[in-house]
Amino acid sequence: GESVGLHLPTLSVQEGDNSIINCAYSNSASDYFIWYKQESGKGPQFIIDIRSNMDKRQGQRVTVLLNKTVKHLSLQIAATQPGDSAVYFCAERGAGTASKLTFGTGTRLQVTL
Amino acid sequence: NAGVTQTPKFRVLKTGQSMTLLCAQDMNHEYMYWYRQDPGMGLRLIHYSVGEGTTAKGEVPDGYNVSRLKKQNFLLGLESAAPSQTSVYFCASTKDSIGYGYTFGSGTRLTVV
């Protein structure tokens, strides 16, 4: 079936360094991808999204890269801060699936001082 | 503008009891979703609705029922709670099938003993 997975369950980075969180997806028909941040006890918070007709999108301190050839998605966080510590999820939307999102299992980002 | 509101935030049930979780959105979104999140796992889709009066099964629908009598409300019911339904439940909504924004509620933490 369709699945979205992550390579690393936990990522530890030093404050000020750049973070890269990866995600593999299997549904080549997915048309839209989203990265969410989830802090303890809270709901998923939108970070950045990208449509399948793009390969890169930048936000404030974050960049999402989409490589459709190898079905890979990544989230880059520049100058990682302690407030970035959270679990990050990628999600994909399959085309024609009532906009249902399929989530990966999540990567915990730990920012050390 | 409240976005997506979930009630209650916490609940403890005994095995066999029933309850209803309420999700309300004030953004006039057509599509609404119920997800559950278990430790170490991403969000899994329980049921969803593409408009008032419609519902459909997601990935893990067993043991749950839903209703969408009003566009702004999406109810998730547990008829006979089981310990396996201990989880955190999230509601989400999006405008339509080509919408590019999803809004999540803050979650309901349910424990079944």
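Since this is a predicted model, take the numbers as computed values, not measurements. In what follows, every chain begins at residue 1, and chains take the letters A, B, ... in the order their sequences are listed. Any value given below was found using the heavy atoms of this structure, including those in side chains, with hydrogens, waters and symmetry copies removed.
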(request) Determine whether B:V50 and B:M32 fall in the same hydrophobic cluster, where Ile, Leu, Val, Met, Phe, Trp and Tyr are linked whenever their side-chain heavy atoms lie under 4.5 Å apart. (result) no
(message) Quick check: closest heavy atoms across B:Y48 and A:K100, and the distance to 0.1 Å?
(response) CE2-CD, 3.4 Å
(request) Identify which part of B:Q37 has an atom lying under 4.5 Å from any heavy atom of chain A, answering side chain, backbone, both or neither. (result) side chain
(request) If a pair satisfies disulfide bond (SG atoms under 2.5 Å apart) and one of its residues is in residues 29-59 of chain A, list it, with sequence neighbours excluded. (result) none
(message) Can you list the residues of residues 47-58 of chain A that sit under 4.5 Å from chain B, counting heavy atoms only?
(response) A:D49, A:R51
(message) Is there a path of hydrophobic side-chain contacts, each under 4.5 Å between heavy atoms, that joins B:Y31 and A:F46?
(response) yes
(message) Need one label for A:Q38: side chain, backbone, both or neither, based on atoms under 4.5 Å from any heavy atom in chain B.
(response) side chain
(request) List for me each residue that meets side chain to side chain contact (heavy atoms under 4.5 Å, CB included) alongside A:T80, sequence neighbours excluded, and say none if there are none. (result) A:V13, A:S19, A:I77, A:D84, A:L109, A:V111
(request) Please answer: with hydrophobic residues joined when any side-chain heavy atoms are less than 4.5 Å apart, are B:L21 and B:L43 in the same cluster? (result) no
(request) Under 4.5 Å, heavy atom to heavy atom: which of residues 105-113 of chain B reach chain A? Give them by number, or say none. (result) B:G105, B:S106
(request) Would you give the length of the straight line joining atom OH of B:Y102 to atom CG of A:L101, rounded to the nearest 0.5 angstrom? (result) 4.0 Å
(message) Tell me if the CD atom of B:E79 is crowded by more than 12 foreign heavy atoms within 6.0 Å.
(response) no
(request) Look at the side-chain heavy atoms of Ile, Leu, Val, Met, Phe, Trp and Tyr, link any pair under 4.5 Å apart, and say whether B:M19 and B:Y89 land in one connected group. (result) yes
(request) For residues A:F89 and B:G42, report the shortest heavy-atom separation together with the two atoms involved. (result) CE2-CA, 3.7 Å
(message) If I take atom NZ from residue A:K42 and atom CZ from residue B:F104, how far apart are they, to the nearest 0.5 angstrom?
(response) 16.0 Å
(message) What part of B:L45 gets within 4.5 angstrom of chain A, counting heavy atoms only: side chain, backbone, both, or neither?
(response) side chain
(message) Hydrophobic clusters here meaning ILVMFWY residues chained together by side-chain heavy-atom distances under 4.5 Å, can you tell me if B:V66 and B:F90 are in one?
(response) no
